[in-house]
Amino acid sequence: MAEISVLQRERAAYKPKLPKALMNGAVVEAKRGKKTLSAGEPETIKSLFPNNFGNPVITFSSMGEQCNIEPALNVGVVLSGGQAPGGHNVIAGIFDGIKSANPASRLFGFLGGPSGLVDCKYKELSCDVIDEYRNTGGFDIIGSGRTKLETDEQFEKAKESCEKLGIHAIVIIGGDDSNTNACLLAEYFLAHGIQIRVIGCPKTIDGDLKNAQIEASFGFDTACKVYSELIGNIARDANSARKYWHFIRLMGRSASHIALECALQTHPNVAIISEEVAEKKMTLDQIADDIASVIVKRAEKKANFGVVLIPEGLIEFIPEMKTLIRELNDLMARETAGMSFLNDDDQKLKFIKGKLTKGSSSLYDSLPRQIQLQLIKDRDPHGNVQVSLIETEKLLIEIIQGKLAKMRKSGEYIGKFSAQTHFLGYEGRCAAPSNFDADYCYSLGYTAAALVANSRTGYMAYVGALAKPCSDWKCGGIPITMMMTVERRHGEDKPVIKKALVELKGRPFAEFAKNRDKWAADNCYLYPGPIQYFGPESVCDARTKTLMLESGVKP
Ligand code: FBP
């Protein structure tokens with residue numbers, strides 16, 4: 001057997017807590033709510049999902065005693081998109097849930113993401129395999145991938161894979177796009193009289209899959225705790241050495257939930273929130289001005305050090321950059337063939353600049369060459385720029401250096417500016433799940449199994465009242481169509497689950513806005529330290545500040 005760490009060995013014994021509703025197994029009583037609508041554009045969503053639209057919300061309560069269902073359930077599971085702590089516990093929850101419904105049930109993991117389902121690449125997940133992965137981070141039990149599951153041809157092949165293995169239901173663990181596609185698959189199966197059910201689970205460290213129904217996506221809690229530990233350590237170093245400004249870019253493709261949560265956990269001198277930048281229509285130059293003014297003020301107090309948090313998605317929220325990126329995306333989609341002949345970076349840059357509009361071309365020209373090249377790297381399968389590859393922190397430092405040099409000449413700045421850069425992303429995505437994520441994920445998996453046992457399809461597993469102790473959590477299923485609206489993507493109207501951006505009128509942002517001037521001027525750093533798996537509940541079971549504030553509880 002492969003060697004495992006001491007912590008991993010001890011942690012394997014952790015028994016995730018389950019809500020009361022699920023304590024007696026996955027065969028639970030399902031209460032049906034009223035008919036539902038969609039988050040937006042109900043007529044269009046209804047026309048696209050005639051078989052799923054309007055389904056009621058399902059709430060589970062325990063039936064009191066364990067009972068078997070017949071026949072045994074064969075379930076397939078897919079991990080879709082970026083890793084998020086707790087994925088293995090979702091799978092363990094599904095496994096234990098279907099076994100509780102009937103011990104002869106079987107779980108098949110499709111390998112490497114949605115493509116595994118299409119190409120029927122799978123492995124059966126036995127009790128031994130599941131036990132090896134309980135409470136561990138990562139998605140390595142079956143791997144993940146970013147293949148989009150959206151064509152009829154793929155759906156047909158998915159059906160063939162399921163029929164070959166005698167699978168009754170598929171659970172797709174993914175973000176907003178993957179859950180939208182889970183619903184498309186559920187609709188296709190219903191429309192073609194195929195009896196296979198499809199259930200989704202809300203995953204993403206980015207925290208942007210949440211809405212009136214879903215309180216949090218799994219992985220956000222652990223990832224933010226890992227980043228906050230590291231930011232706290234860096235802040236303490238800054239406060240000890242007193243000679244560096246640390247610019248820390250944080251993952252989160254689009255929304256700034258991670259940056260905001262980490263700011264609430266660590267009290268940095270500056271934290272940029274992309275949604276505020278967009279709302280105030282700020283330019284790159286204005287953002288740099290704001291940071292420079294904090295640097296200047298702190299220098300007056302001889303504090304030539306500090307910590308700046310930058311959300312990874314910032315670049316796409318700056319209106320002028322957004323226009324440039326949109327033009328680049330279209331251009332690169334249109335000119336794939338033309339560009340494939342250009343091997344040399346200089347040729348590529350010349351080609352691109354010649355095709356941009358005047359405004360975008362001069363903005364592009366003003367950027368450092370490194371950033372120009374990062375902006376034309378390959379797009380992701382959804383056609384989006386891969387923001388994790390763009391070093392916004394370096395771009396900002398370069399602009400700020402120029403500003404400080406000018407201010408020094410005019411006597412407005414008397415300090416010394418020396419910057420260090422960091423990018424925190426992959427460090428947190430596969431961490432061993434916190435107690436919260438371990439419990440939440442296990443409950444999500446168990447709930448997915450209960451939805452399957454109740455013959456539901458087109459639903460997302462739901463576990464709520466998350467600020468309360470686990471035993472009081474509510475569970476059930478939300479019809480995925482209920483969260484949908486229509487958005488224009490790459491020139492086409494598409495059904496989507498709306499991404500949740502940071503609410504500028506929401507409590508987490510208000511808490512940050514109330515304190516940020518004090519955090520900028522003084523050294524108010526908090527040092528959260530590493531995630532604790534053993535010890536007092538107040539530490540081990542702590543929720544994110546975002547979740548507590550959104551639930552109306554003062555953290
Ligand atoms: P998901 O939306 O699939 O959960 O992934 C989120 C994320 O971690 C982003 O924060 C980041 O921008 C992106 O994945 C990085 O993707 P990759 O793993 O392909 O480098």
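All ligand and atom numbering here is 1-based and tracks the order in the structure. Only this structure's heavy atoms are used, side chains among them; waters, hydrogens and symmetry mates stay out.
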CA sep, side-chain torsions, deciding dist, call: T222, S434, side-chain hydrogen bond (donor to acceptor under 3.5 Å, both in side chains): CA-CA 5 Å; T222 308; S434 60; 3.2 Å; yes
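- Scored by the ring-ring contact (aromatic ring centres under 6.0 Å, His included) test, F436 finds Y440, W473 as partners (sequence neighbours excluded).
- The protein residues lying under 4.0 angstrom from ligand 1, judged by non-hydrogen atoms, are G81, G82, R146, K203, T204, I205, D206, M251, G252, R253, E312, Y426, R429.
- Applying the salt bridge (Lys or Arg N to Asp or Glu O under 4.0 Å) test to pairs two or more places apart or on separate chains, those with a residue in residues 256-276 are E276-K280, E276-R516.
- Screening residues 435-449 for salt bridge (Lys or Arg N to Asp or Glu O under 4.0 Å) gives K17-D439 as the qualifying pairs, with residues at least two apart or on separate chains.
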Evaluate side-chain hydrogen bond (donor to acceptor under 3.5 Å, both in side chains) for E320 paired with T283, printing each intermediate quantity in order. CA-CA 7 Å; E320 51 184 356; T283 61; 4.6 Å; no
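- Using a cut-off of 4.0 Å between Lys/Arg side-chain N and Asp/Glu carboxylate O, D119 and K157 are scored as salt-bridged.
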